[in-house]
2 protein chains.
Amino acid sequence: MKDIARELGVSVATVSRALSDSPSISRERRQAIQQYAREHNYFPNVIAEQLRHSRRNPSHAIGVIVPELVHYYFSSILDGIESEASARGYHIIVAKSNESYEREVQICEAMLKNKVCGIIVSQAKDTEQYDHFLHLESCGVPLVFYDRICPALNASRVVVDDYMGTMNAVSHLIETGCKRIAFYGAPMNMVIAKNRFNGYRDSLYKHGLELDEGLVRICDNRADAERITPAMMRQANRPDAFFAVNDETAIGILSVVKRLGFSVPDEVSICGFTNGFRATVCDPMLTTVEQRGTQVGKEAADILIGLVEGTLSRDHAEKRIVKTRLVVRGTTRHL
Amino acid sequence: MKDIARELGVSVATVSRALSDSPSISRERRQAIQQYAREHNYFPNVIAEQLRHSRRNPSHAIGVIVPELVHYYFSSILDGIESEASARGYHIIVAKSNESYEREVQICEAMLKNKVCGIIVSQAKDTEQYDHFLHLESCGVPLVFYDRICPALNASRVVVDDYMGTMNAVSHLIETGCKRIAFYGAPMNMVIAKNRFNGYRDSLYKHGLELDEGLVRICDNRADAERITPAMMRQANRPDAFFAVNDETAIGILSVVKRLGFSVPDEVSICGFTNGFRATVCDPMLTTVEQRGTQVGKEAADILIGLVEGTLSRDHAEKRIVKTRLVVRGTTRHL
DNA sequence: TAAATGAGTGCAATCGTTTGCGTAGCTCGT
DNA sequence: ACGAGCTACGCAAACGATTGCACTCATTTA
């Protein structure tokens, strides 16, 4: 700007006003300045702009914290956030917590310093203190949780409809003739785990089936599934179906069940939750609950931007639930 | 700082120096100021710091451009970049090009404005002009390419050893008794496609086998693989093995081959390239070339930071090749 | 003809830090 | 007693932009 001002024999203030189309600058000057700027491809220094406006205007940087990156669901969410953010003129700063509370705190600190306008976060499994989140809010940085929400905070959030998703999936199993449905869930201290279990339980009740505690296990990964499933299948009163908290676990079950010589889905039905890459790779392909990570990401970004731009009130926690969808494939019977 | 200065009756300059441990401030004052700052948890305004230093010092923001986010290899790379960057005090701004040239240009522009200290990028498939990259370099923003490098630019880059990876994989097929090995590759205008094909060809030659053009196809995704493989398998002189340019394609081949009633790996061997999620989900599990995305990401970040911090010269293009590793599983025979 | 109006500019402060330079006050040597 | 030298600090400019206010003319109005 200084250069432009010098070359055109005007003051920096005039240049500034001309470039921002201020009506108080005469037409000819304005156009001359704009043209000169264009020709010398001038563009404003964001840093300086931000410093100037730091009191009033937030930056356009959204902080995103993910527990891990190499993970289908989180990738989808990141994808959704990126799409929504970039479409609305924001960019994203991504950091992964590695499921570590300490790292999460560090990241929050760093993002605060770097003046993000808000943060979209899924808690680390480790996290049981929330001071860092509170501190952010007290510094005026709005927070939106996704997936793993913070139960102690009444913050804005986006989650999938775990309850109904599971309910529908289990109903589908029952309606296709399954009577003894095993449930492999995540540890119950996670909200999503509880919701999915409730969906399972209520679906059984709705169809007049009883809940057999012997069919319920805490198991949310493939290794564990492969370890515990053989015993499950060898018991006299073995299950004729499995509902797993995620696709990975379902794949573990599938591989064991096949190895033991059961036919899927004729003897054993299996249903997962995610609908990631895995679901169409296994044989038969996996019936699963589509988790719509991209949609979750978009909603989260939408809320955050709403909060930042004042469309949404910061006093009220916006809570959105993304509907799931059952994708029926080869590991369950058709009607 | 102003507040601290006022409260302690000194000038802002003194506060600044005290906080940066300048020896020209008396011990007592320095400690008093530091303590006061700590107690009122003061931390410097990065924006202002950057503005002040904008002439000399680069920011600590690394721009990362990925063609897509929901993709195993790119996720791994992102993971590697994030790890290396955060370990060395940088943060990453992530944007996806959606394989679109125009979007890529926009992103470069935006990142330039946002004063990233450098950019790590894999080109969109679309991209055939390179002005935007040249423009960045001319603005002093160093570039590091990964995966899809820009052949027209002599820029720093990290790629996997496609040639040797393929060579070893095909050798393994031959050594386990395969004689007619089909090759499904990506379009030959991509450098990685060419290298993999060369690895295939040279491995055949090395083992005294002839290259049969009838066994070579352009095919790099599952849908196409499922479409063209039946014909391939029905010809009189059908292949007894497949090498596919990525796991996804290999899975497509596997599903067709199984459906046609061939046994894997007894009648047909299959080898992929990536070693992503899919590889351990299919049945039998996929023999594949491990692409080590995380390592690629780390190397890329390492180069970029080297360039930024001056450890590496900007005049010389740093080119690194990440070694691949053959992971033998169930879709190929063992020795 | 003097005063009021208003369009078009420039000055200077500001955002929060850093830093070159100047200087007050002290000690010390001669 | 006076200048040199040193320590410890403050002043003010700078980074690149924005903006309230004042100012200069030319034009209109009474």
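We use all heavy atoms of the structure for the numbers below, so side chains are in, but hydrogens, waters and symmetry mates are not. The chains referred to below are lettered A, B, ... by the order of the sequence lines, with proteins before strands, and numbering in each begins at 1.
- Summarising the local packing, CD of B:E309 is surrounded by more than 12 heavy atoms from other residues, nucleotides or ligands at distances under 6.0 Å.
- Using a 4.5 Å heavy-atom cutoff, the side chains of B:V159 and B:I192 are not in contact.
- In this structure, B:F145 has its ring center closer than 6.0 angstrom to the ring center of B:F133.
- Spacing between atom OH of B:Y42 and atom C1' of C:dG16 amounts to 8 Å, rounded to whole angstrom units.
- Distance NZ (B:K115) to C1' (D:dA17): 12 Å, rounded to an integer number of Å.
- Considering only heavy atoms from C-beta on, B:I62 stays 4.5 Å or farther from B:H91 through its side chain.
- Here the C1' atom of nucleotide D:dG20 and the CZ atom of A:R56 are 12 Å apart, to the nearest Å.
- Checking D:dA8, C:dG16, D:dT19 against the side-chain heavy atoms of A:S16 singles out D:dT19 as nearest.
- Separating the CD atom of B:Q50 from the P atom of C:dT17 is a distance of 13 Å, rounded to the nearest angstrom.
- Regarding B:N45, its CG atom lies at a distance of 5 Å from the P atom of C:dT17, rounded to whole Å.
- Counting only N and O atoms by type, the side chains of B:R38 and B:Q35 include no donor and acceptor under 3.5 Å apart.
- You'll find the side chain of A:V322 stays beyond 4.5 Å of the side chain of A:D161, heavy atoms only.
- Proximity of A:K2 to the phosphate of D:dA14: no side-chain N or O atom is located under 4.0 Å from OP1 or OP2.
- Picking from C:dC15, C:dG10, D:dC15 the nucleotide with the shortest atom distance to the side chain of A:S54 gives C:dC15.
- Here C:dT19 is the nucleotide among C:dT19, D:dG16, C:dC15 with the atom lying nearest to any side-chain atom of B:H53.
- Taking the side chain of B:R17 as heavy atoms from C-beta on, and the options D:dC11, D:dG16, D:dG20, the nearest nucleotide is D:dC11.
- Rounded to an integer number of Å, the gap from B:I33 CD1 to C:dT18 P is 13 Å.
- Within residues 19-27 of chain B, the residues that have a heavy atom under 4.0 Å from DNA chain D are, in order of number, B:S24, B:I25, B:S26.
- Comparing A:V12 and B:A48 by the nucleotide of DNA chain D whose heavy atom lies nearest to each, the residue mapping closer to the 5' end is B:A48.
- Comparing atom distances between the B:A13 side chain and each of D:dA12, D:dA17, C:dT9 picks out D:dA12 as nearest.
- When each of B:R157, B:Q123, B:K319 is checked for a side chain to side chain contact (heavy atoms under 4.5 Å, CB included) with B:I149, only B:R157 meets the rule.
- Between D:dA14, D:dA17, D:dG16, one nucleotide has an atom nearer to the side chain of B:R52 than all others, and that is D:dA14.
- Atom CE in B:M1 sits about 11 Å away from atom P in C:dT19, given to the nearest Å.
- D:dG16 atom C1' lies 14 Å from atom CZ of A:R6, rounded to whole Å.
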